[in-house]
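Structure first, commentary second.
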Amino acid sequence: MWTKKDLQQLIKDKMGEYLFIVVSNRQPYVHVLKKGKIECQRGAGGVITALDPVMQACNGTWVACGDGEADRKVTDKQDKVKVPPENSAYTLKRVWLSKEEENGFYYGYSNEALWPLCHMAFERPVFRKEDWDYYVQVNKKFAQAVIEEVGNNKAFIWIQDYHLCLLPKFLKEMAPNQLIISHFWHIPWPNYEAFRICPQRKEILDGLLANDLLGFHIRYHCDNFFDAIDREIESKINRESFSIVRRGHETFVRPYPISVDFAGISEISDSDDVLKAKGALIEELGLCGLKVLLGLDRIDYTKGIPERLLAIDRLLEKHPELKEKMVFLQMGEISRIHIPKYKALNDEINALVEQINWKHSTDSWKPILLMRRHLSFHELLAFYRLGDICIVSSLHDGMNLVAKEFISSRTDEGGILVLSQFTGAARELTDAVLANPYDREQFSEAIFTALNLPEDERRKQMVKMREVVGHSNIFRWAGKILSELLKFEFKE
Ligand code: GDG
């Protein structure tokens, strides 16, 4: 089983004198003001969990957008600050965006064009020329920041996600022989029928082909990428070595399913703090004696939240005997609310909750509790621990970490996962109760099946899934990619 230590050792043994630079839109640490004092907080999420220890082991640099209210106060003239605050192990270099850039690059092209383009959730992408111009501009800004760091050295670069499609190309143009570049794409890559509507498709593919190594979660996304290249770019696709050669440069394409820190989550889930928080939540929300069905997502139209609510509605129509015996708890962190589709989704969710609660409630009970507060990590794990069933109903999802976090938190081997078949996670977690969120009948039946699963069956499923996530954990994901990246040799 890969551990944090194995990953650190790999870097120490193999990185040599080369620099290691990670680039992402989101930063690993944010500086905020709390009661007039500057506080440094570590960001959440798989990538930060995996790469923070790597960076600490190799004294690398992480380039990302600054967005905290106190971020500028702590950076030096080159926009750099040492992190983490307790041992200053590596450098965080911040890129600053103007409001216009944030709007065009982040909200506009990244999240109103590329996000819906890559997810089959039937939301139309919006391609605005001015958003694209900002996207190009900000990718160049990132390139400039990375090159400042590289100087005359040789460096391994690891780029994250769909915000930075053009960065590999800009970097290779600026420093052709000094860089080995890998890029991980965290969301699905769509099939060609969907992708071909993108007016900037050639530029995007051209940008990504400057990578030496390009990773997706699953093989299917790699195949879709090959199809897009095949139709759009003059190149040679080598299905044997799983690579693309264009103008003498070879890009290797590989599936690397992302995961979570299984051991870390398991350990904290058993802590007194989490178990106390669980007890407090049961009390606060009046959950005692009820079966708890849980949904926990960033509020996004790809996550299938309205479909989940409608399945609960159908479940109660067909099985009114469940009234006063269960509750569906939907937790959700507000996300990208400046985009009209996200605002509309929040309104739709409010209306559905109100309507379904009105329809099925009794004098002393209502079926749905909706909470939109941001959870601390301990609270998050406490929620996972109190759920009898966790429902993940994405319409389309690159992987879905909530499913894997839920499994990791269940050291008690309790709980059942109802999982959309349209998540990357469904390829690995075949012991979950799989569901099609578009099929209201089947989806509500899947929830009913989960509610009635015999104890030994339920436990067996959870034990098997814990084995899968324990083995394919986040350190293995990063270790596999970095092992591959470190095999590349610099051109002389
Ligand atoms: C993208 C891809 C891929 C949610 N609410 C709260 C909270 N969360 C955390 C969860 C989880 C994360 O947010 C969501 O991760 P997902 O993987 O489910 O989804 P995306 O954000 O869409 O991520 C996805 C991922 O990239 C990684 O490659 O799996 O397919 O879409 O970690 O725990 N965390 C806290 N409070 C909340 O209220 N603290």
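Numbering of ligands and ligand atoms starts at 1, following listing order.
Glu413 and Arg410 are not joined by a salt bridge, as no carboxylate oxygen comes within less than 4.0 angstrom of a charged side-chain nitrogen.
A donor-acceptor contact under 3.5 angstrom links the side chains of Tyr162 and Asn111, judged on distance only. Using a 3.5 Å distance cut-off with no hydrogens or angles, the side chains of Thr49 and Asp261 do not pair a donor with an acceptor. There is a side-chain donor-acceptor pair under 3.5 Å between Gln56 and Asp52.
Each of Trp115, His186, His217, Ile258, Leu296, Arg298, Lys303, Glu333, Arg373, His374, Leu375, Leu380, Tyr384, Asp397, Gly398, Met399, Asn400, Leu401, Val402, Glu405 has a non-hydrogen atom positioned under 4.0 Å from some atom of ligand 1.
Just one of Arg128, Arg336, Arg124, Lys341 meets the salt bridge (charged side-chain N to carboxylate O under 4.0 Å, His left out) condition when paired with Glu112; it is Arg128.
Checked against the 6.0 Å centroid criterion, the rings of Phe226 and Phe242 qualify as a close aromatic pair.
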